[in-house]
Amino acid sequence: MVGKKKKKGSKTVVNIVLGIICVIWLLPTLGLFISSFRPAADILQTGWWKVFPHQEWKAGDTIQLSKDVDLRGPIEVKGKTYTDDQLKAGVKADGSRLIWENRRARTVNSQVEGWKVKPDLTLDNYNNVLTGKEYKLKEADGSETIQKGTGLSQAFWNTLTIAVPATVIPVLIASFAAYAFAWLRFPGRKTLFVIIIAMLVIPIQVALIPVLKDYTALGLNGSYLGIWLAHTAFGLPLVTYFMYNFISQLPKDLFESAFMDGASHFTIFSKLILPLSVPALASIGIFQFLWVWNDYLVSLIFIGNQPSVQVMSMKIADLVGSRGNDWHLLTSAAFISMLMPLAIFFLLQKYFVRGLMGGSIKG
Amino acid sequence: MAQAKQRVSIRAVLISIGILLANIVVNGLIFMFFRDSTINPLLTAVLAVLWGVLGVYLIYYTLTWAVEQYPDYIRKRVLPYVFIGPAVIILGWLLVLPALRTLYLSFFDASSEKFVGLSNYAAIFTDHLMATSLRNNLLWVFVGTFFCVAFGLLIAILADRSSYEKLAKSIIFMPMAISFVAAGVIWKFIYYYQPGDEQIGLLNAIVTYFGGEPQAWTSMIQPWNNFFLIIILIWMQTGFAMVIFSAAIKGVPEDIMEAARVDGAKEVSIFFKIMIPYISATILTVTTTIIVFTLKIFDVVIVMTGGQYDTEVVATQFYRQFFMYRNFGYGSTLAIVLLIAVLPVIIINLRQFRKQGGF
């Protein structure tokens, strides 16, 4: 009985500690998400947590100062004296806050504290980032400036055009190779396979310079084919290793009878192996897709500055470089780039996790 | 027996040559169409995806069909190479050969004209910037990997005993789906520093709330600013370690732990004396994976600081040497240094693979 009670007590501790860790892990993304819906001026003035109900100073009575008060010296308001700087920043005076309402007209506002419940949220940031059109931006002081949008939607389609074939091609090529490595006997099989496994850990940096030279010579730079091939090569070792683990575990008699019936290896592969491998294909496919979708280095090198094929990660990195303080653009752009991976993550989490564990859990 | 070997017909040879050529020509033409076309970008995208996805399948289909035209004994020998061929060609062209070429280039000067022997390597270890980036990379590898593994293990164990395991694991794992560039934006916002009272960056808001002075975290006292970048890696990679540890922990037989509990062992000693040894192989794999990953870290540094304030790592230096200073010698040497750093990991992995009975 005692043991059981103790265990229950420790479970509460576990739940609380884990809860705190989870909140810490979630906060960064939450901040980005909330900020992306806030008006540009708000983001720069107050923290994103101010969208939650909080107490705020609100305009109250206006106090008119007499004309002969020297604004540089001590200023008397409601029986107490303050400096000009204090009134500029706002100063507390028994329950209310005094702040210049209009310094030239010599009016001071006595603000009162009240709850702010309704947050100001807007979709403007998303419109601005997605379309390349010009849009008006409201500044903190009420004036308006005109900025040009970022045109992220083009980059979104580019990323998709790169990511889909850059997922399907390596998965297909790797599956064919894995099938041959697992079930066909041929000279050089062992050596070639070990080389592929060894390449699992090779940093892609060693390949970039020569590949770029070849691409320039062949006119593949900045083309879809070039970047598909690059992603295929860099993803192949892992995908082959993973698919080999799966395909080699399939029971042999499953397709031996098909072979006896005179089916060719190609037929066996596409009619039997591929359908049987759907769980493995899905998990490694999701992994490769996320990897390509989130890639920055490979695109940066093989796409360069051609806006027609630029991907989202490049656009965002550019934004960070050129407009690092425009948080309304940065937050919404970053969130748009996260939409696809997050959707995939939450919808297909089961497969994704299985994909991660293939090969690593066996150790 | 010789009689059983059928003759290779000329027709089959012609067919296979024809199919090989047709594949090259057709795909080459399609490629040129896409390169030069000025059609609607959305239509291009759809067509390109179709080509990319169907094209590969058609290549395999036609090539195996050509091989089918041959008598059995030839088909059996050639078919495996048709299956692994594309993989071998692509890897050979875009990974193996380039690695060798990079090694070769690393012995030449900036414009790859003059042979300079090992002097690039000597320069890398003496140059201040290079030395800084090597040091930072070590920081990343040791600090980053250590915390990813430690937190991953801790959270996996906590989640296993909590009442909301799935939800907690999803939350911790979620950053895995976010790109490093987006994560860079997220964390830049957390570390954001603006002069004045009102801090919109979470970290500075917390610091000022407790009466502290706001800091410019990523550019402040070096080399401590590196740790603020490493936190991003930890945030993103802990989920990976956690998922795998979580599966491994569930594999630890309950009766062993129960027996130890009956013998009066404390939870902490059960953890260190039973659980850790039991999952040691998994810990090794996870650690290697994260080390390899961390050695190549690039995006985070580029987005967060651009390598300023002594936050440069090998991969960013590589990029800078190659693309900004056009110093092919240094660029290649840096890539090779990275490769050498990973070599022990390759060897450990191959050994592990052999032990598993991979071949």
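Below, all heavy atoms of this structure are taken into account, side chains as well, without hydrogens, waters or symmetry copies.
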_Under a 3.5 Å distance rule, please check whether N294(A) uses its side chain to pair with a backbone N or O of A177(B) as donor and acceptor._
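A pair under 3.5 Å: yes.
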_Side chain T102(B), main chain V206(A), donor-acceptor under 3.5 Å_ =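 Present.
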*asked:* What verdict does the side chain to side chain contact (heavy atoms under 4.5 Å, CB included) test give for Y164(B) and L18(A), after you've listed the backbone C-alpha separation in whole Å, the side-chain angles of each residue and the deciding distance to 0.1 Å?
replied: CA-CA 9 Å; Y164(B) 49 97; L18(A) 188 65; 3.7 Å; yes
Name the region of [X], side chain, backbone, both or neither, that has any atom closer than 4.5 Å to a heavy atom of chain A.
X	answer
Y319(B)	side chain
A183(B)	neither
W187(B)	side chain
V292(B)	side chain
I283(B)	neither
S106(B)	neither
F189(B)	both
S170(B)	both
I302(B)	side chain

[Y] and [X] aromatic ring geometry - parallel, tilted or perpendicular at 30°/60° bounds:
X	Y	result
W25(A)	F151(B)	perpendicular
F345(A)	F173(B)	tilted
H265(A)	F83(B)	perpendicular

*Which distance, rounded to the nearest 0.5 Å, do you find between the CG of L32(A) and the CD1 of I186(B)?*
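Rounded to the nearest 0.5 Å, the CG-CD1 separation comes out at 5.0 Å.
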_How long is the straight-line distance from CG of L27(A) back to CD1 of I190(B), given to the nearest 0.5 Å?_
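So the gap between those two atoms works out to 7.5 Å.
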*When the ring centroid of F186(A) is compared with that of Y81(B), is the distance short of 6.0 Å?*
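Here the rings of Y81(B) and F186(A) have centres that are less than 6.0 Å from each other.
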*Aromatic ring proximity F180(B)/Y296(A), centre distance under 6.0 Å*: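 Centroid distance F180(B)-Y296(A): not below 6.0 Å, so no.
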*Report the C-alpha separation of L26(A) and M174(B) in whole Å, then their side-chain angles, then the decisive distance to 0.1 Å, and conclude whether the side chain to side chain contact (heavy atoms under 4.5 Å, CB included) test is met.*
CA-CA 9 Å; L26(A) 210 53; M174(B) 190 189 68; 4.1 Å; yes
*salt bridge (charged side-chain N to carboxylate O under 4.0 Å, His left out): which pairs involve residues 82-102 of chain B, sequence neighbours left out?*
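Counting only pairs at least two positions apart or across chains, the salt bridge (charged side-chain N to carboxylate O under 4.0 Å, His left out) contacts touching residues 82-102 of chain B are D214(A)-R101(B).
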*Only one of V14(A), I16(A), T12(A) forms a side-chain contact (heavy atoms from CB on, under 4.5 Å) with S162(B), so which one is it?*
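The single option meeting the side-chain contact (heavy atoms from CB on, under 4.5 Å) with S162(B) is V14(A).
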*asked:* Using the ring-ring contact (aromatic ring centres under 6.0 Å, His included) criterion, which residues pair with H231(A)? Sequence neighbours excluded.
replied: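 Listed in chain order: W291(A).
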